[in-house]
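What follows is a short report on a single structure.
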Amino acid sequence: MRRRPARAVLVVAPSGALAYRAPVRRLDGKVAIITGGARGQGAAEARLFTAEGARVMVGDVLDEDGELVVKEIGDSAAYRHHDVTTEAGWSQIVADTVSTFGRLDVLVNNAGIFRITPIAMTSAEDFMTVIRVNQLSVFLGMQAVIGAMTQAGGGSVVNISSIAGLRGSPATIAYSASKWAVRGMTKVAALELAPLGIRVNSIHPGIIDTPMLADLMITDEAAKSEIGSRIPAGRVATAEQVARMALYLASDESDHSTGSEFVVDGGITAAMGLSGRT
């Protein structure tokens with residue numbers, strides 16, 4: 001992603017002299033945990049957040065990929081192996097983040113998995129696997145960061161849901177259940193945590209060009225182009241476009257937004273189908 005370099009601002013000092021003030025980046029001074037940060041949207045968020053001044057703890061179970069992302073970013077990021085489905089894993093990554101960077105201001109619950117199976121072919125075990133990663137992890141994460149964020153004076157939780165949490169889609173019974181749940185949990189948490197200065201919002205991506213799309217065997221550009229042609233915006237979104245929404249919600253620019261859904265889908269949910277057809 002190409003970004004414009006931050007530019008110093010020319011200001012007038014009290015003495016009347018002109019002076020340059022260093023640019024203020026949108027996340028200066030903030031510390032974030034990003035789950036599922038080893039690739040796709042999580043990696044894009046980690047790169048963008050650090051470029052905007054944050055220090056980021058990247059969590060994932062894909063250790064080699066996660067270490068590569070952190071190596072690319074440099075000293076403003078660290079990596080930890082993190083199983084999002086366990087309380088112990090959450091306690092450890094929160095403690096490591098505060099120990100490494102001194103505080104915690106932002107959590108992006110990005111980790112997730114996707115399965116396509118009709119209801120009749122979905123086993124209880126497969127259903128619960130998706131629920132544990134996509135839904136239970138969000139609950140555990142929000143619960144785990146309350147203390148550290150309260151200590152920091154407040155914070156922002158960004159839960160990555162999906163347009164599958166806004167409407168139904170065939171053969172996604174477990175995934176849709178988990179993403180609708182994330183939407184609902186976001187609203188409950190926003191109400192409960194507002195007195196502590198903690199905001200909670202959900203992002204609902206549509207079809208995004210990430211490794212999850214490759215998991216669906218959609219890898220060649222012709223297939224992506226065909227799918228994109230049926231999206232009102234005319235293209236499949238990039239991980240960086242979702243990351244920019246997460247950046248906004250993590251920053252103080254969104255300080256009066258909580259308990260809300262933010263959609264990044266190129267207009268899909270504005271119509272009945274990908275191109276307005278049922």
Side-chain angles (χ1 to χ4, degrees), residues 1 3 25-114 129 132-134 136-149 151-152 155-160 203 205 208-215 238-240 242-247 249-251:
M1 178 182 62
R3 294 184 50 78
R25 293 174 293 181
R26 297 166 72 184
L27 296 182
D28 270 345
K30 295 188 184 296
V31 173
I33 292 173
I34 299 176
T35 68
R39 63 179 193 169
Q41 288 175 196
E45 290 154 3
R47 295 184 186 103
L48 181 58
F49 280 28
T50 53
E52 289 289 349
R55 290 168 293 168
V56 173
M57 181 64 75
V58 174
D60 212 307
V61 294
L62 302 175
D63 295 335
E64 185 174 347
D65 291 342
E67 294 284 4
L68 286 174
V69 169
V70 166
K71 182 178 180 180
E72 173 194 334
I73 291 172
D75 294 340
S76 56
Y79 175 78
R80 294 293 187 277
H81 181 92
H82 179 211
D83 181 352
V84 295
T85 67
T86 69
E87 292 179 271
W90 274 106
S91 296
Q92 189 63 57
I93 198 168
V94 170
D96 286 352
T97 301
V98 174
S99 175
T100 302
F101 296 125
R103 58 186 293 134
L104 177 60
D105 306 277
V106 178
L107 167 64
V108 182
N109 273 313
N110 175 80
I113 58 175
F114 185 69
T129 294
R132 281 191 292 270
V133 176
N134 292 3
L136 176 62
S137 71
V138 172
F139 159 70
L140 293 175
M142 292 191 294
Q143 186 180 66
V145 302
I146 292 172
M149 285 191 178
Q151 185 69 29
S156 174
V157 176
V158 182
N159 293 327
I160 306 299
I203 296 179
I208 313 296
D209 190 1
T210 68
M212 190 175 285
L213 197 63
D215 291 343
T238 66
E240 288 75 18
V242 180
R244 289 198 291 270
M245 182 64 79
L247 170 64
L249 294 174
S251 77

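Every value quoted in this text rests on a predicted model; they were computed, and no experiment measured them.
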Self-check item: Test log, rule side chain to side chain contact (heavy atoms under 4.5 Å, CB included), inputs I34 and V56
Solution: CA-CA 7 Å; I34 299 176; V56 173; 3.8 Å; yes
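- The closest donor-acceptor contact from the side chain of E52 to the backbone of R26 lies under 3.5 Å.
- Under a 3.5 Å cut-off, the side chain of T35 and the backbone N or O of A111 do form a donor-acceptor pair.
- Within the 4.5 Å cutoff, the side chain of V106 has no heavy atoms near those of the I33 side chain.
- Between G66 and A38, the shortest heavy-atom contact is N-CB, 3.5 Å.
- Looking at R244 and L48, their side chains come closer than 4.5 Å, going by heavy atoms from C-beta outward.
- With rounding to the nearest 0.5 angstrom, the CG atom of D28 is 11.5 Å from the OG atom of S251.
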Quiz item: Going through the checks in order, is the side chain to side chain contact (heavy atoms under 4.5 Å, CB included) test met by R55 and T50?
Solution: CA-CA 6 Å; R55 290 168 293 168; T50 53; over 6 Å; no
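- Closest non-hydrogen pair, A152 versus D105, comes out as CB-OD1, 3.9 Å.
- Using a distance-only test at 3.5 Å, with no hydrogens or angles considered, a donor-acceptor pair links the side chain of T100 to the main chain of D96.
- When all heavy atoms of V133 and V84 are compared, the pair lying nearest together is O-CG2, 4.2 Å.
- Remark: E87 pairs with L140, Q143 by the side-chain contact (heavy atoms from CB on, under 4.5 Å) rule, at least two apart or across chains.
- Using a 4.5 Å heavy-atom cutoff, the side chains of I113 and T129 are in contact.
- Considering only heavy atoms from C-beta on, M149 comes within 4.5 Å of L107 through its side chain.
- Nearest heavy-atom pair across T97 and I93 is OG1-O, 2.7 Å.
- Rounding to the nearest 0.5 Å places CD of Q92 at 10.0 Å from OG1 of T86.
- By the side chain to side chain donor-acceptor pair (under 3.5 Å) test, D65 is found to be paired with no residue, residues two or more places apart in sequence or in another chain being considered.
- Checking V157, I160, I203 one by one against N109, the side chain to side chain contact (heavy atoms under 4.5 Å, CB included) holds for a single residue, V157.
- Looking at heavy atoms from C-beta onward, P205 lies in side-chain contact with Q41 at the 4.5 angstrom threshold.
- Pairing each heavy atom of L249 with each of S156, the nearest pair is O-OG, 2.8 Å.
- A ring pair (Phe, Tyr, Trp, His ring centres under 6.0 Å) check over residues 43-89, counting only residues at least two apart or in different chains, returns the pairs H82-W90.
- Of all the heavy atoms in N134 and G112, the pair that sits closest is OD1-CA, 3.1 Å.
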Exercise. Quick one: do R47 and E240 satisfy salt bridge (charged side-chain N to carboxylate O under 4.0 Å, His left out)? Show the steps, please.
Key: CA-CA 9 Å; R47 295 184 186 103; E240 288 75 18; 5.2 Å; no
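- Side chains of R80 and M57 form a contact here, defined as non-hydrogen atoms less than 4.5 Å apart.
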Practice problem: Could you please spell out the steps behind the side chain to side chain contact (heavy atoms under 4.5 Å, CB included) verdict for L247 and L27? | Solution: CA-CA 8 Å; L247 170 64; L27 296 182; 3.5 Å; yes
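- Counting only heavy atoms from C-beta outward, the side chains of E72 and L68 never approach each other to under 4.5 Å.
- Rounded to the nearest 0.5 angstrom, M142 CE and N159 CG are separated by 5.0 Å.
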